[in-house]
Amino acid sequence: MSAATPIEPAALVPALKARALNKRYGRVVALDNADFDLMPNEILAVIGDNGAGKSTLIKALTGAVSPDHGEIWLNGQPVSFKSPIEARNLGIETVYQNLALSPALSIADNMFLGREKRREDLIGRMFRTLDKPYMQKVARQKLTELGLLTIQNINQPVETLSGGQRQGVAVARAAAFGSRVVIMDEPTAALGVKESRKVLETILRLKERGLPIVLISHNMPHVFEVADRIHIHRLGKRIAVINPKNHTMSDAVAIMTGAMAPPLDEAA
Amino acid sequence: MSDNATGSAAAERGLPPSEPGGVASFEEADRGPIRRMQEFLHRFPTSIPFIVLLIGVVIFSFAAPGKFLAPFNFSLILQQVTIIAILGVAQTLVILTAGIDLSVGVIMILASVVMGRTAVVYGVPVEIAFPLGLLAGLACGFVNGVIVTKLRLPPFIVTLGTWSIFGALNVWYSKSETIRQADVQETAPFLQWTGTIIKPYDFFSNTLGLDLGFLKGWVLNYGSVVMLIVAAVIWYVLNKTAFGRHVYASGDDPDAARLAGINTDRTLIGVYALAGFICAIAAWVLIGRIGGVSPQAGQTANLDSITAVVIGGTSLFGGRGSIVGTLVGALIVGVFRNGLALSGLELLWQDFAVGVLIIVAVTIDQWIRKISS
Ligand SMILES: Nc1ncnc2c1ncn2[C@@H]1O[C@H](COP(=O)(O)OP(=O)(O)O)[C@@H](O)[C@H]1O
Ligand SMILES: [Mg+2]
């Protein structure tokens, strides 16, 4: 819909933007004046070597770590998140690399962790009773939509799932609740070929819904298949943003590893 | 059979049992009977304390024939474990968050002194003195929670410190004076209400005209009823409310819980405060049981409450456990102490048996937890 009218003033305001983010862990500089721009309704891939600071960047953007300094804007408004809850309340949904699932709790409980749904009747209001049937129904529906896993029992603890299935739960959770921005940190790392496809389809569906998505991945074919732009991260900062149509995968890897100089000032 | 064969063949070739995409087949491959039992216990951890309780009852029925299996004796056991069970419920909340509360016993005593002394010695109406005692328990728990979360100190250290602090406050407020049963009865009989005897047989025949013969000989008191209500309410909170889910999540993996949007500090403060409040309810039951108020009462309650929780299958590592388990755990402690005494063994063997139970329970918990790694 909005793709039909590409140049609107609103489209020029980044959905999520950061300037000069810094984060140190003792001697380690995880973020070194990192910049970041996510445009509305685009799929932005973030690539970089292990330890380049991609996860720290995501955490700084979503309130999971507080940057030592730097500024962040959401749809042009300056924001500073003190916790992941604040980012989430503004519609930023994240699949963290460690998934942020609670192993002993059920799939349904995990899907609604921190945003549980109460019964709407008198009992729910008086005794704060959870609406478990509703949460189970929605959880099952979201997982089925994703097509990622065949869950026998929505009440089984997450720790009884395989690594790939857990990743599926985390992706389904983010996809179900993201209303402004969805960020996924290596969401297909533990997945097989078929499941990875499902996640890519989910990302494309989120884009159809009009959301911008950040995808961190080491899988170049995936990145080049879905990304509108590629943010290349190296040694704690963004060193280039490239358009996948103008570059090859080996270019991207060469820039990422420092074997090739980053292209200057590319309008993606 | 064939699953096992492929599993061991893979192991012989030195292959890692799971590869990306091959995870599902791994789970099929590794299922001996022991593994299946481990999975069963993992899903139903409370089954162990139930089995232990059953074994205990069977053994002591033979070891102390006629004496152990009597309604009167069971009633006695129930009265003996009531306070431990209530404190155990408080302790369960804390241990579920991977913490520990060494101050539950002293909070109970302090609250009982506040209730009793304010009402009896200072002549304040019990309508005020009683809530004041509850408030004292709540405040103590709140202090624990604030120190644990804001100073980021291990709960063991924090509650070791407050154990001493609350103990000192107890000596200060009580002046180490005991309040006699008769004095409580005269000025604040409400505080003794929990000790009131109920005979279920008489109750049903008087009110409903039922002749329930199997209830003959049972003697309960309102303290046990209070215990059941406390346990039911906390069971509900843990299983049916968002707060309860957050308690489990905060103990299970606090970092994940925070990333998932849970305010773990607020959850922890709520847990410690609620635990303190429950200790104050235990104080009420304590006054009912001993009739008066003694600043020296309930010295062993602390460790007994932890024992009940651990034997009841709640994991000291947090995130796993249940209120039902704790109630059964308290009953196990009561049954073993009572049964060994009736079997004619010396007191020291009670302590010996309880010690063995604790170590076995923690060992089983460790073993069950391996399944998730
Ligand atoms: N909590 C932490 N404590 C200490 N060092 C950290 C922490 N998180 C990340 N780092 C360090 O910061 C650097 C960047 O890490 P990370 O953001 O995870 O990189 P990436 O996701 O690109 O692999 C690494 O050197 C890592 O060791
Ligand atoms: Mg990372």
Side-chain angles (χ1 to χ4, degrees), chain A residues 59 62-64 83-89 93-106 109-119 123-124 127-132 135 149-150 156-166 170 173 177 188-196, chain B residues 17-28 38-40 42-45 96-98 232-233 236-267 314-315 317-322 368-373:
Chain A
K59 288 183 178 166
T62 58
S83 75
I85 313 173
E86 295 183 9
R88 215 169 78 167
N89 289 342
E93 202 60 38
T94 312
V95 179
Y96 291 101
Q97 194 167 3
N98 66 1
L99 302 181
L101 298 173
S102 205
L105 294 187
S106 73
D109 283 340
N110 265 290
M111 291 276 292
F112 281 87
L113 201 53
R115 57 184 136 222
E116 293 82 358
K117 173 96 171 46
R118 261 189 232 162
R119 277 168 62 159
I123 294 180
F127 301 111
R128 301 167 163 248
T129 318
L130 291 177
D131 192 346
K132 290 207 171 186
M135 294 195 288
L149 50 162
T150 43
Q156 84 190 74
V158 157
E159 68 198 345
T160 61
L161 301 177
S162 71
Q165 289 175 318
R166 292 183 203 191
R173 176 167 76 179
F177 293 102
T188 58
L191 296 182
V193 179
K194 213 174 76 207
E195 294 98 338
S196 295
Chain B
S18 75
E19 299 151 10
V23 188
S25 58
F26 156 64
E27 284 180 356
E28 307 291 322
Q38 193 180 15
E39 280 172 6
F40 173 80
H42 185 261
R43 281 198 71 182
F44 306 104
L96 279 176
T97 68
V233 168
Y236 171 86
V237 168
L238 281 176
N239 291 289
K240 300 291 174 188
T241 71
F243 176 75
R245 302 288 83 193
H246 297 179
V247 171
Y248 279 92
S250 301
D252 204 5
D253 185 340
D255 293 329
R258 269 190 292 275
L259 288 180
I262 290 173
N263 188 335
T264 48
D265 279 4
R266 208 163 57 192
T267 306
T314 294
S315 170
F317 302 94
R320 235 165 280 263
S322 69
I368 297 175
R369 282 167 49 86
K370 276 200 201 129
I371 207 169
S372 45
S373 58

Considering only heavy atoms, which portion of A:Leu101 lies under 4.5 Å from any heavy atom of chain B: side chain, backbone, both, or neither?
backbone
For the candidates A:Pro157, A:Ser102, A:Gly124, which exhibits the highest count of non-hydrogen atom pairs separated by less than 4.5 Å from chain B?
A:Ser102
For residues A:Ser83 and B:Asn263, determine if any side-chain heavy atom of one lies less than 4.5 Å from a side-chain heavy atom of the other.
no
Side chain, backbone, both or neither: which part of A:Phe112 has a heavy atom under 4.5 Å from chain B?
neither
Here the pair of heavy atoms bringing B:Leu259 nearest to A:Ala100 is CB-CB, 3.5 Å
Chain B: which of A:Lys59, A:Glu86, A:Glu116 shares the most heavy-atom pairs with it under 4.5 Å?
A:Glu116
Which pair of non-hydrogen atoms, one from A:Pro103 and one from B:Asp253, has the smallest distance, and what is that distance?
CD-CB, 4.2 Å
Given 3.5 Å as the limit, does a donor-acceptor pair link the side chain of A:Arg88 with the main chain of B:Ala260, or not?
yes
Quick check: closest heavy atoms across B:Ala249 and A:Leu113, and the distance to 0.1 Å?
CB-CD1, 4.1 Å
Rounded to the nearest 0.5 Å, how far does CG of A:Leu105 lie from CZ of B:Arg320?
9.5 Å
Quick one: what part of B:Phe243 sits under 4.5 Å from any heavy atom of chain A, side chain, backbone, both or neither?
neither
Residue part contacting chain B, namely of A:Arg115, when any heavy atom lies under 4.5 Å:
neither
At a heavy-atom separation under 4.5 Å, does B:Arg245 approach chain A through its side chain, its backbone, both, or neither?
both
Minimum-distance pair of heavy atoms, taken over all atoms of A:Phe127 and B:Thr241
O-CG2, 4.0 Å
